[in-house]
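Below: one structure, written as structure tokens.
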Amino acid sequence: MAEEDEESTPLLSELYKPPALLPIARLKDQLLYAIETHPVTIIVGETGSGKTTQIPQFLYHSGWTNDGSQIAVTQPRRIACTSVSARVASELETPLGQEVGYSIRFEDVTSSKTRIKFVTDGLLLREMLVDPLLKRYSVVMVDEAHERSLSSDVLLSLLKKVLRKRSDLRVVVSSATLDAERFLDFFAPEEGEKIHGLDRDEYGCIVSIEGRAHPVDIFYLSEPTNDYIERAVDTIIDIHTKEADGDILCFLTGREEIDDCIDMIADRIVDLNPNFKNLQPLPLYAGLPSDQQMYVFEKAAENTRKVIIATNIAEASVTIENIVYVIDVGYVKLRAYDPILGIERLNITPVSKASATQRAGRAGRTRAGKCYRLYTEEGFEGLEDATFPEIQRSNLAPVLLQLMNLGIQNLIRFDYLSNPPSKLIVRALDLLFSLGAIDDYGRLTKPLGTRMAELPLEPMLAKALLNAPSFGCLSEMLTIAAMMTLQGTAFVSHSDTTKLLERSRRRFAVKEGDHITLYNVYQSFVSVGKKDAQWCRDNCLNHKAMIKAVSVRKQLENYLERMGIQESALQGGDVKRVGGMEMGEKVQRCLTTGYFAQAARMKSDGSFQTVGGETTLWAHPSSMFFHRKADWVIYHEILETKGKVYIRDLTTIEMDWLTEYAPEYYKVKKR
DNA sequence: GAGCACTGC
């Protein structure tokens, strides 16, 4: 699963020195000199160059941790932290958690001896709250920076500031693509300016490392296609009937396309000459239950060629062995955020050159491969170099809250790697203001704003949770908040029938809506015993997700305890009537204090209308109000897909509560 | 009436 290849088992273990075989070994001295003499070093390394595993070891051996400081290596994904740290620990012949460790949410495998620490970029951002200058680190390496994730972009901005205060810190930015100059330019002092006595040219440098992957032949269409799924199926059948052995990986944009494609392949297999090998199509996308995901990693049966039809998950998150042929339709589904309507959209977008290159590289991991791009060469030339940064297409409320908590005053003038559109910033500040997280002057409020920033929850949910003690429903809201972080993964259909799943949903349903239904799911799960995976299967629940909810709830409880907010013995459990108000109503009211800006009313045709009345919304099919009637509701999430706007996780409320808990917000709106 | 690209704290 890790980015770096496993070496084959050596015959003579004393001769086994795989790191020396990596292209990066030849550059060791040049690299160390660059890092020694420049605050910022940009590493341009192809996959398999060994940068992630080797650079931290070079630094470790050359004394960068001798004074007790650590080397941090950030990764965008948890799986990379665990797998790469294990690899490095074994190369240093030390148990994981000693000199080499990793730290991800819920798992801190480090000790006082740890010198090389792999950490998710989001977690390092959290660490900056307690250690703003990252004093415990002598070097911070930001890996996969070219992916331009929200947290790695923000981390780079903050590191730029830290570098101005710490002449001893070294930052290494690893990027796989063409945008090395851009990163360098971002860190460098202005023309004529000096930082720690260094001018623009002396401040940073770029080191390129060649990859070790096998060659991949690229093929293009001579004419563009208007049906890439059909074209993909044609290509798959062509490869299967004309090309040598080797599995096929085909990139499509989503679940529906993948299902269609697999159906079409199944139709074509029937007509194939029986002399050909078997062709086994397998789907792969994040929403697929993990037991079904496992098939793609298993070796194909005798006389069978696997063809994996995948989303972008196979581009960087997951590595499948023995892929020799890659089919790239040239599109990806990307999230976009509409700051006017506050709606997230999933748009099918052309991939970037960086993505296309990464996809092609998936064919050359075990031997020379081929990549079929289902677009023209001119089409490729017309693609963007890199993926549109996430910071320019997201709801910025959570990240702005976090930046403010780190002491950033001016969020408009902040030194972003790419400036987010001002509309996104304005919308986010608007929301934070209406929630009471910031005051009239745009300053974080105390304690509400700072507390919201500290919780690893979106602002609306954080607000509702922090209000829970005043409604006497803290225990319930802790559970609901934990269940919300599962983002709809609590229920899963293990069989193909959706009927079973619907029946299970109904088993837990209550009239108040989806939030308290999920609360019931959690309560039942802990009461039957958290280890009972069979009970989960029987009830169409995702056992792993439920275990995660338990961890998240515990973590949230710890955060609140540190803030001096504790679950009292009186609350929760079976007590359904406290202080004359039903527990359901307490939760409904409490949710309203966080989600008042996301209120809607059901019309007679079953669709919903927002308060402003400009958009028609539909209950997501996973909601109990997909079938049932309701009046006013608040919703957790709003997402547009295929032209229809869906709201998810709905709870009924009284209209009066909106003006009761958000008088300012609704006064302004009405005029 | 019928669905979530992918991560992360």
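As a basis for the values below, the full set of heavy atoms in this structure was taken, side chains included, without hydrogen atoms, waters or symmetry mates.
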* Does a side-chain N-to-carboxylate-O contact under 4.0 Å join A:Arg505 and A:Glu502? -> yes
* Asked: Mind checking whether A:Tyr635 and A:Tyr595 have ring centres under 6.0 Å apart?
  -> no
* Structure fact -> Hits for salt bridge (charged side-chain N to carboxylate O under 4.0 Å, His left out) against A:Arg427, two or more places apart or cross-chain, chain-then-number order -> none
* Salt bridge present between A:Asp143 and A:Lys51 (N-O < 4.0 angstrom) -> yes
* Produce a footprint string for nucleotides 3-9 of chain B: one letter per nucleotide, 5' end first; B if the base is under 4.0 Å from any protein heavy atom, S if only the sugar-phosphate is, - if neither. => BBBBBBB
* Have a look at A:Arg77 and tell me which of A:Glu147, A:Glu315, A:Glu144 forms a salt bridge (Lys or Arg N to Asp or Glu O under 4.0 Å) with it. => A:Glu147
